[in-house]
Chemist: 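Here it is, the structure in full.
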Amino acid sequence: MTLAMDDLAEALVARLRAREATAGVIGLGYVGLPLAAAAARAGFSTLGFDVDPSKPERLNKGESYIDAVGSEELGALVQAGRLHATTDFGRLAECDVAVICVPTPLTRQREPDLSYVEATVKTIARTLRPGQLIVLESTTWPGTTREVVKPLLEAGGLRSGVDFFLGFSPEREDPGNAEFGTRTIPKVVAGDGAAAGRAMEAFYGAVVQTVVPVSSPDVAEAVKITENVFRAVNIALVNELKMVFERMGVDVWEVIEAAKTKPFGFMPFYPGPGLGGHCIPIDPFYLTWKSREYEMPTRFIELAGEINVSMPRYVIARLEEALDRRSGKSLGSAKILIVGLSYKRNVADVRESPTFKLMELLEGRGAEVQFHDPHVPAIPPTREHAAYAGRRSVPLTDKTLAAADAVLISTDHDAVDYGLIASRAALVIDTRNALARRGLGSDKVVKA
Ligand SMILES: NC(=O)c1ccc[n+]([C@@H]2O[C@H](COP(=O)([O-])OP(=O)(O)OC[C@H]3O[C@@H](n4cnc5c(N)ncnc54)[C@H](O)[C@@H]3O)[C@@H](O)[C@H]2O)c1
C-alpha cells in the first residue's frame with residue numbers, strides 16, 4: 001500500500017514538474033481568477049470553474065473583471081489554449097490538482113458559513129480519482145481541512161494520503177498592492193501527510209516564487225487567521241487611540257507618522273471609519289467560533305470587533321457635532337456627500353465596506369446622501385446591502401460640492417480631486433487624513 005501511495009505521489013510530482021498536469025481552480029473571484037491566471041502562466045493547462053456562468057463567459061472572452069489581472073494577459077492565456085473556464089463540474093475529472101477558492105462568509109448570527117466549501121467538496125468527491133491533489137484556499141478555522149473536507153472526500157472510499165492528496169494553502173492577495181502580486185507573495189503550504197506535502201510544494205513551487213511549507217493543514221489554516229487577527233486587533237488599537245487622543249487635542253495621524261520613524265518594534269496601522277473587505281471583519285470570528293469548543297474565549301478578537309464595529313457611529317457623531325457647531329444644521333436636514341465607497345484605497349471592491357454602514361446611519365437619521373467614487377460608477381449587488389444596488393456615483397464638481405452641507409471622506413482614493421474638495425466644500429469630515437496629508441488641511445476639515 002505504501003508503495004502504491006509513493007508511486008501515485010511521485011507520478012503526480014513528476015507531472016507537476018514537467019507541467020503536464022492540469023490545474024483546476026474552483027471559484028473564479030478575487031482569489032481564484034488571479035490564481036488560475038498564475039497557474040496558466042506557470043505552464044499548467046488550467047481549467048476554471050464557477051457556479052456563476054457570467055464568470056467563465058467573461059474569462060473565455062479574455063475579459064478580466066478583477067483589478068489584479070489584466071485583460072490583455074488573460075486574453076493571451078486563453079488564446080494560447082492554456083486557460084479555459086467552465087460551469088461543467090464533470091470536467092473536474094480532468095484535473096490533477098483542484099484548488100477550492102469559494103467564499104467563507106459568516107451567517108447572520110456571525111458564525112462560520114462553510115456551505116460553499118462543503119458544496120464544492122461534495123462536487124469534487126463525485127469525480128475524485130486516485131492521484132488527484134485537492135487543495136483548500138478559502139480562509140477558515142484551524143482543523144477545517146482535516147475535520148470537514150477530508151471526511152467528505154473519503155466518503156466514496158478513497159483515502160487521503162493513500163489514494164488522493166489533500167492540502168491547505170492560505171491566500172494572501174492584497175488588492176491594489178502594486179508591489180506584490182500572486183507570484184511574488186510567499187505562499188504557506190501544507191499537506192495532509194508527507195506525500196501530500198511534496199505534491200503541494202511541487203504545485204505551488206511552480207506557481208509562486210517562494211513556498212513556505214508548514215507541518216500540517218491545521219497550522220496553515222492558523223497562519224492565515226493569525227495574520228488577519230493581527231490586523232484586526234492593531235486597527236482596533238489605533239481606532240481607540242484616535243478617540244482618546246482626539247479628546248486630548250492630539251492628532252493621532254501625526255503621532256503615527258512620528259512613531260513609525262522608530263526603526264524597530266513599531267509597525268504603523270491607520271484608523272478609519274470601520275473595517276471593510278472580505279477578510280479582516282470576518283475571518284477572526286472563524287477562530288472565535290472554533291475556540292468555544294476548547295472553552296477558550298478569544299477576548300482580543302471580541303474587543304477588537306467591538307471597537308471596529310463602533311467606528312461608523314463615532315464618525316457620524318463627529319459629523320453631527322461639526323455640522324451643529326459650524327452651521328447650526330441638524331443631521332436630519334443635512335445633505336451629505338460621501339467620497340469613497342469601496343472598502344479600500346484605489347480598488348473597486350465594496351464588500352463589507354463600512355461606507356454602507358455610514359450611509360445607513362445617515363439615512364436612518366433623515367440625511368440626504370450622495371456618494372462619489374471614481375472606482376464604483378454604480379453600486380453592484382451585495383448580499384448585505386442589496387437595497388443600495390444600482391445607486392450611482394455623482395461627479396465631483398463645484399455644483400455637487402456646493403450642494404452638500406458636508407463632505408465625508410470615507411476612502412482616500414488617489415483619483416479624487418482633493419484640491420477641489422478643500423476649496424469648495426463647506427465642511428469636510430476626513431476619516432483618512434486625506435486632506436492634511438496633501439497639505440490641504442484647514443479649520444473646516446474635521447478629522448474623525
Ligand atoms: N479577496 C481577498 O483578498 C481574499 C484574500 C485572502 C483570502 N480570501 C479568501 O478566499 C476565499 C474566496 O474569496 P474571494 O474574495 O475570492 O471571493 P469571491 O466572492 O470574489 O469569489 C468566489 C467565487 O466563488 C464562486 N462560487 C461560489 N460557490 C461556488 C461553488 N459551489 N462552486 C464554484 N464556484 C462557486 C462565486 O460565484 C465567486 O465567483 C474566501 O474564503 C476568502 O476569505 C480572500
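Throughout, numbering of the chain's residues begins at 1 and tracks the sequence. Read the numbers this way: they start at 1 and go in the same order the structure lists the ligands and their atoms.
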Chemist: Considering only NZ, NE, NH1 and NH2 on the basic side and carboxylate oxygens on the acidic side, decide whether Glu360 and Lys357 come within less than 4.0 Å.
Modeler: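 Yes.
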
Chemist: Of all the atoms in ligand 1, which lie at a distance below 4.0 Å from a heavy atom belonging to Cys101?
Modeler: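 Near Cys101, meaning under 4.0 Å from one of its heavy atoms, ligand 1 has 12 (C), 22 (C).
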
Chemist: For ligand 1, note which part of Pro170 has a heavy atom under 4.0 Å away: side chain, backbone, both or neither.
Modeler: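 Under 4.0 Å from ligand 1, Pro170 contributes no heavy atoms.
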
Chemist: Would a distance-only check, ignoring hydrogens and angles, find a side-chain to backbone donor-acceptor pair under 3.5 Å from Ser138 to Thr104?
Modeler: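 Such a contact is absent between Ser138 side chain and Thr104 backbone.
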
Chemist: For Phe89, take its heavy atoms, then give the atoms of ligand 1 lying under 4.0 Å from any of them.
Modeler: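 Numbered from 1, ligand 1 contributes 32 (N), 33 (C).
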
Chemist: Starting from atom 7 (C) of ligand 1, find the nearest protein heavy-atom neighbour and note its residue, name and distance.
Modeler: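 Ranked first by proximity to atom 7 (C) of ligand 1 is Thr139 OG1, 3.4 Å.
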
Chemist: If hydrogens are left out, which of Glu118, Lys224, Arg172, Glu173 has an atom nearest to atom 6 (C) of ligand 1, that is, the closest non-hydrogen atom?
Modeler: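 Selected option, by shortest heavy-atom distance: Lys224.
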
Chemist: Would you kindly check if the NZ (Lys) or CZ (Arg) of Arg58 is within the cone defined by 45 degrees around the ring axis of Tyr65 and under 6.0 Å from the six-membered ring centre?
Modeler: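 Verdict for Tyr65: no cation-pi partner in Arg58.
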
Chemist: Can you tell me if Ser342 and His413 form a side-chain donor-acceptor pair at under 3.5 Å?
Modeler: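 Judged by distance alone, the side chains do pair up.
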
Chemist: Kindly say whether Glu111 contributes a backbone atom to a donor-acceptor pair with the side chain of Gln109 at under 3.5 angstrom?
Modeler: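 Here the side-chain-to-backbone pair does not exist.
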
Chemist: Just go through Gly29, Gly176, Cys279 and tell me whose heavy atom is the nearest to atom 5 (C) of ligand 1.
Modeler: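 Considering heavy atoms of Gly29, Gly176, Cys279, the nearest to atom 5 (C) of ligand 1 sits in Cys279.
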
Chemist: Can you tell whether the side chains of Lys290 and Glu147 come within less than 4.0 Å, N to carboxylate O?
Modeler: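 Answer for the salt bridge query: yes.
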
Chemist: Considering only protein heavy atoms, which is closest to atom 41 (O) of ligand 1, and at what distance to one decimal place?
Modeler: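 Going by distance alone, atom 41 (O) of ligand 1 is nearest to Thr104 OG1, 2.5 Å.
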
Chemist: Looking only at protein heavy atoms, which one is nearest to atom 36 (C) of ligand 1, and how far off is it?
Modeler: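 Ranking protein heavy atoms by distance from atom 36 (C) of ligand 1, first comes Asp50 OD1, 3.4 Å.
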
Chemist: Pull out every atom of ligand 1 sitting under 4.0 Å from any heavy atom of Tyr116, numbered as shown with elements.
Modeler: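 In order of numbering, the contacting atoms are 27 (C), 28 (N).
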
Chemist: Counting each atom of ligand 1 from 1 as listed, which ones have a heavy atom of Ile26 under 4.0 Å away?
Modeler: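 Matching atoms, with element in brackets: 32 (N), 33 (C).
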
Chemist: In terms of side-chain geometry, is the basic nitrogen of Arg198 or Glu10 positioned less than 4.0 Å from the acidic oxygen of its partner?
Modeler: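 Yes, this pair counts.
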
Chemist: Please list the nearest protein heavy atom to atom 24 (O) of ligand 1 with its residue and the distance rounded to 0.1 Å.
Modeler: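 The closest one turns out to be Gly27 CA, 3.3 Å.
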
Chemist: Closest non-hydrogen protein atom to atom 19 (O) of ligand 1, residue and atom name please, with distance?
Modeler: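 Nearest neighbour among protein heavy atoms for atom 19 (O) of ligand 1, to 0.1 Å: Arg351 NH1, 3.4 Å.
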
Chemist: Nearest protein heavy-atom contact for atom 22 (C) of ligand 1: which residue, which atom, what distance?
Modeler: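 Result: Pro103 CD, 3.6 Å.
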
Chemist: Return the closest protein heavy atom for atom 29 (C) of ligand 1 as residue, atom name and distance.
Modeler: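 It is Val51 CG2, 3.5 Å.
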
Chemist: Purely on distance, is any nitrogen or oxygen of Thr120 under 3.5 Å from one on ligand 1?
Modeler: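 The answer is yes, given that Thr120 and ligand 1 share an N or O pair closer than 3.5 Å.
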
Chemist: So does Thr140 get a backbone contact from the side chain of Glu221, meaning a donor-acceptor N/O pair under 3.5 Å?
Modeler: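 Checked: no pair found.
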
Chemist: Return the closest protein heavy atom for atom 44 (C) of ligand 1 as residue, atom name and distance.
Modeler: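 Looking only at protein heavy atoms, the one closest to atom 44 (C) of ligand 1 is Val31 CG2, 3.3 Å.
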
Chemist: Measure the CG-CG distance between Leu158 and Asp163 for me, rounded to the nearest 0.5 Å.
Modeler: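 Going from the CG atom of Leu158 to the CG atom of Asp163 covers 5.0 Å.
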
Chemist: Using a 3.5 Å cut-off on N or O atoms only, is Lys55 in polar contact with ligand 1?
Modeler: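 By distance alone, the answer is yes.
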
Chemist: Report, in ascending order of atom number, the atoms of ligand 1 lying under 4.0 Å from any heavy atom of Asp52.
Modeler: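 The atoms of ligand 1 under 4.0 Å from a heavy atom of Asp52 are 37 (O).
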
Chemist: Tell me whether Asp174 contacts the main-chain N or O of Asn177 through its side chain, where contact means a donor paired with an acceptor under 3.5 Å.
Modeler: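 Pair absent, no side-chain N/O of Asp174 close to backbone of Asn177.
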
Chemist: Between the main-chain N or O of Glu257 and the side-chain N or O of Thr261, is there a donor-acceptor pair closer than 3.5 Å?
Modeler: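 Side chain of Thr261 to backbone of Glu257, a donor-acceptor pair under 3.5 Å: no, none is there.
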
Chemist: Taking non-hydrogen atoms only, is Ser138 closer than 4.0 angstrom to ligand 1 via side chain, backbone, both or neither?
Modeler: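 The answer is both.
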
Chemist: Charged N to carboxylate O below 4.0 Å: is that the case for Glu363 and Arg391?
Modeler: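 Salt bridge flag = yes for Arg391 with Glu363.
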
